[in-house]
Amino acid sequence: MQLLHTQKKWATLSVPLLLLLLLLIGGQPAPTAALIEDVLDIIHVVKEVTTGVLKAWEIVQSSPLAASIEFPLMREKQRKVLQRLKMVSQQIDETEAQHAQYVALAIESVNKFISHNVPLMTKMNDISDTMNRISSRYQQMQSYEAHKDKLEMSTLITFAEWTVSPNAHSVHHLMDRLHLTLLGNGNDEKLNSSSSNLLTQLASNYEVSADEMCSTRQSAQQFVYSLYTDVALTELKGYTMMEFSWMMLRVYGRGNYSQEAELMRRDYERRTERTLKLLKEVMRRADRIVWRCDPDKHVPQVTYDEVTRLLQGYIENEVDLNSDETCRETCAFYQSTRSEGCFKNLYCSRQPKCTGKLYGCQFVDSDMWVCPAPLSSTRRYEYIEYENGRVLGQRKNCVRGTTKVDSWWRYLLWHCSYCFCLCDEQGLKSDRFFNLRESVSDVKQNKVITGLRFLKKNRIFHLQIQEGQLLPRGAINESTLSWKPVDEYKIFDRNVAKGIDYHTLSYESRSIDLDDIMKTDDNSFVVTGVRFRVLGAHLNLEARLSEFDFKKGELIQPEVNSVWQSNDNTDVSGERRQKLLLYNADVPTRTVVTSLPLSKHNQYIDFVNSGMDKDAAQSTVPFLDIQDVVSQPPVPLAGIGIYYKGRPGYGGFLAPKIITYDFTPHVQLPKSIN
Ligand SMILES: *[C@@H]1O[C@H](CO)[C@@H](O)[C@H](O)[C@H]1NC(C)=O
Ligand SMILES: *[C@@H]1O[C@H](CO)[C@@H](O)[C@H](O)[C@H]1NC(C)=O
Ligand SMILES: *[C@@H]1O[C@H](CO)[C@@H](O)[C@H](O)[C@H]1NC(C)=O
C-alpha cells in the first residue's frame, strides 16, 4: 500500500470515510440530517465533496447535448468542471494528510509482520499495487487540472475514456479488483469467515502478534480503522475520477452518459454497503486494548521502577531470633519473628540490622561467604556463597570484599545456625507506598483521560494521567494533551495519613488486583478519573466514568453524570479472584525475551521477594513498568486496567493498560440512499 508522507499533524479522529462515499451515491442532493446524526466530523468534507460533484454535473447538464456545441463554450465548461474537481480533490488530499501518520504506522506494521504469511503477503502486495495505480492515475488527473488552460482536448478525452473503459487497466477495473481482494468474492454469509477477506485476516493477525502493536500503539480496532481509511480514500479517489471522466466525455459531446454514471454509482453503493458491513463486524470483534510492550532496553527510573525492600533476604543467627539467646530450634521454627539482639557482636554487628519482622526462615548451610551490596544500594547482599557450593544471587567480583560467616556449636548440643529469612522492614530504603488520592481530568475544560503511566514520586507510586480536550465525534484536540502533574506530597508531611492518602505495603497487605474497569453495557461513558483504594488487603483500581455526547464532543454535566466504577469482587464473593503465583522468580530485567500479558480480568498478584537462588531474594517483584501508555491517535477511553506481563521464571512487570472508546456503533450502515 502507499505510504503517505506528510508532516501535517492529525487533529481530529473521524469515523469511517466510506460513510462519506455513501452520500455521494445516487447523485441525489445533500444528505439528510438524520443520516449524519452521530457519524463523523469529517461529514462536512463529505458533504462538500458530494455537493461539489453534483454541482459539476449541473454545469455539464445545463445545455443540450449537441455535437454542434461551440468550442469556446466547451472550453469554458471544461474549465469550470476542472475547477470543481480541484475543490473536491483538495478536500480528499487534506483528509488524507490528516490520517497519513496513523495509516502509515498501521501499514508499516503490516508489512513488517506478515512477511512469514505468504498468502496474506501476496494479497497485500496485490492490494497495494492496485491502490498505487489508482492513486497515480488520480495524481495525473490533478496535474491536468493544474495545466487546464494549455491542455489539448484530446488528452483529456483519452484520459477520461481510459478511466471508465471496461479494459483491464482502467480505473473502473482497478476498483473492482480492490474490492475483490479486500472482501473476497464470497457472498455475504462468507463475509464473516476469516478466510475470505483481508480485513478480518489482518485484524486477527494483528491481535495474535503482540509485536505488531508495539510499533503502532493502536488497539486492534484502531488498526482496522486506519487500514480502512486508506482503502476508503483510495476508493473516493477512484469514484471521483470516474464521475469526472463521464462529465468530461459529456462536455465534449461524446455522449449522454447519464445512464452509465448512474450504473457506476449503483455499483459503488453496493460495494460500499458490503464493505461497511464487514468493517462494522471486524471492528465489533476487534480488541480495544492498548498495552505497552517492553522497551528495547530496560532502564531503571526511565522504563521501570521498583518497590524496594518489602520482603528481602536476610541472614541472622538463630541465637538472635529469640529473646532468650538460645539455639534449641531449627531455622524453620522461626516463621514469624524479630531480630532480638546481637549475640557477642558477631556477624550481626557487621550488617545493618533488620528492625522489622522476619518471616519464613530456613537453613541452607552452616558456613558461607557473604558479599555485601554497596551502601547506596537497596540490596543487602550481592550474593551469598555457601561452603556446600550453593550460591544465592549472581556470583561476581565483590567490590566491598566477602565476609566469612560461620555457624557454631554450643556445648556440642545445640547448633547456632545462620538462617536465611525474609525481612519486612520499613525505612528510608523501602519504597512501598501507593497513592490513594484520586487523579481526575479537568472536566471543566472538557478534558478526558487519554493515557496512563506509573510514576514514583517521593517514594510513592502514582498512576499518572494524560488528559486531553474532547472534540466532536470521538476526537481529541492533540494540542491540549498533557500529563497532569501528580500530588507531590511526602509520607511524613503534615495532614498526610497512612490509609487515607497512601497505602503501605506490608507482609500482610501486598496484593494488587488485576482488573479491566469499564462499563460493558453503555457506550456513552469515557474515563475521567482513576484512583486506588484498599479493598480487603488488596490495592484495587477504580475508574471514574463520565457521560458524554459523541456528536458534540462534550461531557454532559460531569459533576452529576459521573460514577466511580470498580471490580468489587473480593475473595469471598461471587466468582473467586484468582491469584497469579510468582515463586522463586528472577529479576525481570534479566530476561532476553520481551514480556507478554499473563493476567486476566479478576485476578490478583502479590508483591514478593525475588528468587533465593537467582537473586538472594534481594529485590521485590513484580517491577512496575513506568512507560507511557497512550494510543496513536489519542482517543477517549472506555476503560482502563492494571495487568501483569512477564515470562515464566521471571518476576515480570505491573503496568496500566487503556481500552479505547468503541467506535463500532458509529459505523452506520446506510439507511436508504436513493
Ligand atoms: C440523457 O439520458 C437520460 C436518461 O437516459 C435522459 O433522461 C436525458 O434526457 C438525456 N439527456 C440528454 C441531454 O439527452
Ligand atoms: C456476521 O456475524 C454476526 C454475528 O456474529 C451477525 O450479526 C451478522 O449478521 C453476520 N453477518 C453476515 C453478513 O452474515
Ligand atoms: C485545540 O486546542 C487549542 C489550544 O487550546 C485551541 O487553540 C484550538 O482552538 C483547539 N481546537 C479545536 C478544534 O477546538
Side-chain angles (χ1 to χ4, degrees), residues 4 6-17 19-20 23 31 33 36-51 87 90-105 217-218 222 225-226 229 232-233 290 439-453 464-486 523-529 544 546-559 561-562 628-638 658 660-663 666-667:
L4 306 162
T6 170
Q7 297 305 312
K8 184 163 173 186
K9 261 208 140 184
W10 192 130
T12 51
L13 175 83
S14 54
V15 182
L17 276 173
L19 295 174
L20 316 181
L23 301 174
I36 57 173
E37 256 312 281
D38 62 352
V39 277
L40 37 171
D41 163 29
I42 214 152
I43 219 88
H44 300 292
V45 180
V46 178
K47 243 176 157 173
E48 282 167 33
V49 169
T50 324
T51 320
M87 279 168 49
Q90 254 172 9
Q91 281 163 333
I92 297 177
D93 289 350
E94 273 166 26
T95 316
E96 195 166 41
Q98 280 176 1
H99 289 264
Q101 184 189 346
Y102 304 108
V103 169
L105 276 172
R217 303 212 203 137
Q218 297 177 349
Q222 287 180 296
Y225 176 64
S226 293
T229 304
L233 279 169
V290 178
S439 186
V440 296
S441 63
D442 188 354
V443 293
K444 287 209 179 71
Q445 302 284 335
N446 204 36
K447 285 187 180 177
V448 299
I449 294 182
T450 51
L452 294 175
R453 69 181 174 202
Q464 192 179 18
I465 60 171
Q466 187 197 54
E467 56 179 3
Q469 201 171 43
L470 199 56
L471 291 179
R473 301 174 205 286
I476 296 289
N477 185 342
E478 286 198 34
S479 62
T480 65
L481 282 180
S482 68
W483 289 95
K484 186 175 177 182
V486 299
N523 197 39
S524 56
F525 284 78
V526 291
V527 180
T528 58
R544 187 178 73 173
S546 304
E547 195 174 4
F548 84 123
D549 182 323
F550 179 80
K551 194 177 122 205
K552 288 193 195 144
E554 283 170 9
L555 293 166
I556 307 167
Q557 287 189 291
E559 329 65 58
N561 297 313
S562 294
D628 302 356
V629 184
V630 297
S631 75
Q632 305 186 107
V635 287
L637 307 181
I658 56 178
T660 57
Y661 177 75
D662 187 5
F663 285 90
H666 307 287
V667 178

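Read the numbers this way: they start at 1 and go in the same order the structure lists the ligands and their atoms. Quick caveat: nothing in here was measured; it's all calculated off a predicted structure.
Among residues two or more places apart in sequence or in another chain, the side chain to side chain donor-acceptor pair (under 3.5 Å) test is passed with Asp549 by none. Taking the side chain to side chain contact (heavy atoms under 4.5 Å, CB included) definition, one finds that Val629 meets it with Arg292, Pro656, Ile658, sequence neighbours left out.
Less than 4.0 angstrom separates some heavy atom of Ser479 from each of these atoms of ligand 3: 1 (C), 2 (O), 3 (C), 4 (C). In summary, the atoms of ligand 3 found under 4.0 Å from a heavy atom of Leu471, numbered by their order in the structure, are 12 (C), 13 (C), 14 (O). Listed by number with element, the atoms of ligand 3 under 4.0 Å from a non-hydrogen atom of Thr480 are 2 (O), 5 (O).
Polar contact check, Gln469 against ligand 3: no nitrogen or oxygen pair lies under 3.5 Å apart.
When every heavy atom of Pro472 is checked against every heavy atom of Lys552, the shortest pair comes out as CG-O, 3.4 Å. When all heavy atoms of Asn477 and Thr480 are compared, the pair lying nearest together is O-OG1, 2.7 Å.
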